[in-house]
Amino acid sequence: MDVTTIIEPLNDAQRQAVTAPSGALLILAGAGSGKTRVLVHRIAWQIEVEGLSPQSILAVTFTNKAAREMRSRIETLLNVSAHSMWIGTFHGLAHRLLRRHATEAGLPDTFQIMDTADQLRLIKRVLSALNYDEAKWPAKQVLWHINAQKDEGIRARHTAETGDIYQRTMLKFYRAYEDLCERSGLVDFAELLLRVHELWRDNPAILAHYQQRFQQVHVDEFQDTNTIQYAWLRLLTQDANNLFVVGDDDQSIYGWRGAKIENIYAFQRHYPDHQVIKLEQNYRSSGNILTAANKIIAHNSGRMGKELWTQSGIGEPILLYVAFNEQDEAHFVIERIRAWADKGGARNSIAILYRSNAQSRQFEERLMQAAIPYRVYGGLRFFDRAEIKTTLAYLRLLANRHDDASFERIINTPTRGIGAKALDDIRTLAREQNSSLWSAAIALLQSGQQAARAANALNGFLLLIKQLGDQTAPLALCEKVKIVIEKTGLIAFYEKDKDNKGEEKVENLEELVNAAKHFETASLPDGEENLTELDRFLSHAALESGDMQADAFEDCVQLMTLHSAKGLEFKLVFLVGLEEGLFPSQQSVDDIARLEEERRLCYVGITRAMEQLYLTYSESRQLYGRESYPRPSRFLREIPADTIQEVRMRAQVQRPVASVNIPAKPALLASINQFKTGQKVRHEKFGVGVILQTEGEGKHERVQVKFPEGIKWLMLSYAKLEAV
DNA sequence: CTGACGAACTTTTTT
DNA sequence: AGTTCGTCAG
């Protein structure tokens with residue numbers, strides 16, 4: 001293979017990164033600077049030029065999608081199968097390692113992975129078993145606490161029984177939860193990572209084996225790694241310094257779920273001989289967009305420092321639209337989308353980006369009205385759907401009778417007359433004899449203490465599972481699935497459910513059979529040879545919740561949160577709802593660290609745009625059922641004026657009734673002389689109040705008024721205020 | 001076990 | 001406002 005294919009398409013900085021000698025490398029890759037390309041070409045370089053064998057390559061990503069993309073791009077570039085390379089997510093790779101070394105890691109061979117919903121179910125069980133009131137100890141909070149501990153590498157046994165009641169109680173939950181997981185053979189997502197860390201830490205021989213095997217370790221989105229993930233990487237590479245990480249401190253937007261930007265600084269301390277290479281040339285956006293992005297992010301402190309630039313010229317100005325209300329905002333956006341499409345622009349090159357999911361509705365309604373096809377990201381994924389999870393729970397119980405999370409899920413789904421009472425008895429007995437629910441159910445039935453009807457129902461369930469087990473044992477995976485959905489009555493259950501969703505669920509179940517069939521042929525066991533096909537399928541389902549299929553290739557306008565937009569690019573981007581309290585979100589405004597994360601989110605949003613960026617905000621917005629009059633986002637002020645142009649549109653939407661008869665001019669005049677701090681005013685809805693402060697001018701002038709029911713910001717040109 | 005009513009919420013999401 | 005979740009009666 002010709003080496004020029006690898007280095008020819010690269011710019012200087014990229015080439016420097018790709019061809020750097022082995023060692024600790026930190027690639028600071030700005031948005032749109034070709035970071036995946038660098039990663040892919042680096043790996044190709046190591047194989048083709050440095051002569052590394054594909055087996056000695058490890059590449060870690062955060063999402064399955066990123067892993068797939070990297071693998072396929074390497075295959076395209078090298079024109080060989082990348083099968084023998086370890087490319088995957090942290091969780092996927094951890095899973096693989098644990099399957100290989102289950103015994104050393106202290107896990108049963110057939111351990112299964114549970115997702116967050118399963119985990120929550122188990123925690124609820126722990127809480128009720130320990131007799132704690134869920135109102136006072138919300139399961140969600142306990143889950144969060146346990147995961148946070150695991151992400152920091154802390155086990156229950158590492159924590160001393162000191163501290164306040166809260167700490168001690170949480171510790172108690174943590175301990176009980178660990179016991180339950182152990183007994184059920186279940187492992188949550190955080191546990192996968194923690195276990196591998198412990199496996200390597202406590203088994204020098206195993207660690208040495210992998211240290212030797214993986215001559216080069218590559219990490220994508222390094223700024224998103226949490227404590228345990230970084231600790232994992234360090235164990236693997238600390239002696240050889242063979243760690244190649246790519247990341248962007250300015251695009252760290254997952255601090256709230258444990259990601260540590262500090263890992264970037266820690267990297268520089270831990271690998272003293274490291275080299276830093278910055279990728280600052282941007283191949284995505286026009287000059288104005290980059291200028292705005294650079295200026296905004298410059299307001300953050302403690303950055304590594306990076307300035308994006310482009311050869312492609314200034315481009316169109318960024319356009320700002322100030323809407324009366326959220327309907328007007330949506331209307332404006334849809335008009336511009338229509339204009340873009342009329343000029344022949346593809347709809348799937350358009351994105352509407354918002355801070356919170358709730359904002360999508362206005363846009364969906366308008367798009368629907370305008371008959372423009374659209375797609376909202378972030379819905380339920382395939383393996384997360386209730387009917388799918390239920391079927392999987394049956395399969396899991398077939399694979400392992402002591403899987404309590406699954407047992408609970410299906411014991412009465414579809415309903416078979418096993419009510420809360422019976423389930424409670426089973427739980428109590430399980431607790432008393434310290435056994436799984438399955439064993440307890442058998443014991444309960446044998447004790448003969450139940451009412452005839454309850455005993456009958458329970459017997460029916462146990463029998464069903466036993467029969468299914470016997471019947472499906474010799475069958476192929478997809479036949480197993482087929483039998484399960486038929487014999488359990490799930491199909492019949494959903495067919496009866498005419499509430500317009502039943503039909504879809506039946507289709508999904510059939511799709512699951514398909515997925516199983518596909519899995520039989522597609523999956524090559526590796527590191528999982530000792531597992532049954534069913535076990536492997538179940539792990540696959542847990543680790544890969546499955547992108548939403550279909551629609552993806554249709555020519556649709558894309559609607560998504562700023563978080564889901566990371567890594568994507570669109571010719572035309574609408575960044576909407578730029579208002580204080582929304583973006584930055586209310587919860588972030590009085591904490592500098594969180595505010596800076598919001599700013600990075602804004603940076604991410606802006607840098608999604610290739611050709612045209614629209615920013616919008618609304619002067620009034622319905623929020624939690626109340627009318628609010630938010631101030632424009634501070635981020636707007638951080639964008640240089642010469643890159644922005646305000647769009648004036650004639651009102652095509654009715655103004656709110658309260659303001660329809662107020663001509664703009666008089667309101668403006670009135671605002672100059674009439675209202676001052678300390679003055680009393682009357683509002684038709686809020687009553688009499690006192691002005692606390694004023695701000696802005698002309699159409700944008702607003703006053704803060706203290707009313708009996710609270711303090712409000714009011715837009716003078718819309719709120720009908722009378723002097724008292 | 002279903003359905004209805006009322007209370008309590010309400011940033012972001014992957015594995 | 002709209003949704004979800006838990007409790008209560010039937």
Side-chain angles (χ1 to χ4, degrees), chain A residues 60-67 88-96 113-120 124 133-135 138-140 144 147 150-151 187-194 196 220-221 224-226 228-229 252-259 326 353-362 377-381 383-384 412-423 453-454 457 497 499 539-547 560-567 577 581-589 591 594-595 597-598 600-602 604-605 621-628:
Chain A
V60 196
T61 64
F62 276 85
T63 65
N64 292 301
K65 192 174 153 204
T89 62
F90 275 102
H91 294 86
L93 297 167
H95 173 241
R96 202 159 156 180
I113 304 162
M114 58 181 161
D115 65 18
T116 314
D118 298 328
Q119 192 186 7
L120 192 65
K124 282 186 176 165
D133 183 9
E134 258 221 54
K140 282 244 173 77
W144 190 86
N147 286 344
K150 289 192 179 187
D151 285 347
V187 167
D188 61 47
F189 288 130
E191 183 76 24
L192 286 170
L193 305 174
L194 184 49
V196 170
D220 189 18
E221 306 276 19
D224 288 338
T225 51
N226 64 28
I228 196 75
Q229 286 161 338
S252 162
I253 56 175
Y254 287 112
W256 52 275
R257 64 174 197 211
E326 63 269 40
L353 308 182
Y354 35 79
R355 175 67 239 264
S356 77
N357 286 305
Q359 290 169 259
S360 74
R361 244 182 79 183
Q362 299 293 336
Y377 276 67
L380 267 189
R381 268 99 45 92
F383 286 113
D384 282 339
N412 203 30
T413 314
T415 50
R416 49 172 70 87
I418 303 176
K421 174 74 173 65
L423 186 53
R453 206 164 78 184
D497 181 24
D499 295 4
S539 305
H540 167 82
L543 280 176
E544 190 147 355
S545 41
D547 290 323
M560 66 189 84
T561 62
L562 287 157
H563 283 88
S564 358
K566 191 166 128 190
L582 234 200
F583 188 31
S585 81
Q586 194 56 52
Q587 293 91 322
S588 312
V589 288
D591 177 340
R594 302 179 75 180
L595 186 69
E597 183 152 310
E598 297 281 307
R600 292 193 291 270
L601 195 54
C602 186
V604 166
R621 182 178 296 273
Q622 207 80 245
L623 206 60
Y624 306 141
R626 293 208 164 277
E627 189 87 341
S628 67

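What you see is a predicted model; the values in this text were computed from it and never measured.
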* **B/dT12 base / A/Arg594 side chain donor-acceptor hit below 3.5 Å** => no
Would you mind telling me which of [options] lies closest to the side-chain atoms of [X]?
X	options	value
A/Phe189	B/dT13, B/dT11, B/dT15	B/dT15
A/Tyr624	B/dT12, C/dA1, B/dT15	C/dA1
A/Thr415	B/dT11, B/dT14, B/dC1	B/dC1
A/Lys124	B/dC1, B/dT15, C/dG6	C/dG6
A/Thr89	B/dT15, C/dG6, B/dT11	B/dT15

Could you tell me how far apart [X] ([atom1]) and [N] ([atom2]) are, to the nearest whole angstrom?
X	N	atom1	atom2	value
A/His563	B/dT13	NE2	C1'	8 Å
A/Lys421	B/dC1	NZ	P	14 Å
A/Leu353	B/dT13	CG	P	12 Å
A/Asn357	B/dT10	CG	P	15 Å
A/Glu326	C/dA1	CD	P	13 Å
A/Tyr254	B/dT14	OH	P	6 Å
A/Gln359	B/dT10	CD	P	17 Å
A/Glu598	B/dT12	CD	P	11 Å

With distance as the sole test, does [X] use its side chain to make a donor-acceptor pair with the main-chain N or O of [Y] at under 3.5 Å?
X	Y	answer
A/Thr89	A/Thr63	no
A/Asn412	A/Ile418	yes
A/Arg355	A/Leu582	no

* To do: Indicate, with a heavy-atom threshold strictly under 4.0 Å, whether A/Gln622 touches base, sugar-phosphate, or nothing.
  =>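 It contacts nothing in the nucleic acid.
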* At under 4.0 Å between heavy atoms, what does A/Asp188 touch on the DNA or RNA strands: base, sugar-phosphate, or nothing? ->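 Contact class for A/Asp188: none.
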* Structure fact -> Assert: residue with more 5' nearest nucleotide on DNA chain B, out of A/Trp256 and A/Gly417, is A/Gly417
* Starting at the 5' end of DNA chain B, which residue's closest nucleotide do you reach first, A/Ser356 or A/Thr116? -> A/Ser356
* Considering only atom P, compute the distance from C/dC5 to B/dT12 and round it to an integer number of Å. => 15 Å
* Asked: Listed by chain and number, what are the side chain to side chain contact (heavy atoms under 4.5 Å, CB included) partners of A/Asp115, not counting sequence neighbours?
  ->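 Scan of A/Asp115 (side chain to side chain contact (heavy atoms under 4.5 Å, CB included), adjacent residues dropped) gives A/Ala117, A/Asp118, A/Phe189, A/Asp384, A/Lys389.
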* To do: Could you check whether the rings of A/His540 and A/Phe383 sit parallel, tilted or perpendicular, using 30° and 60° as the cut-offs?
  => perpendicular
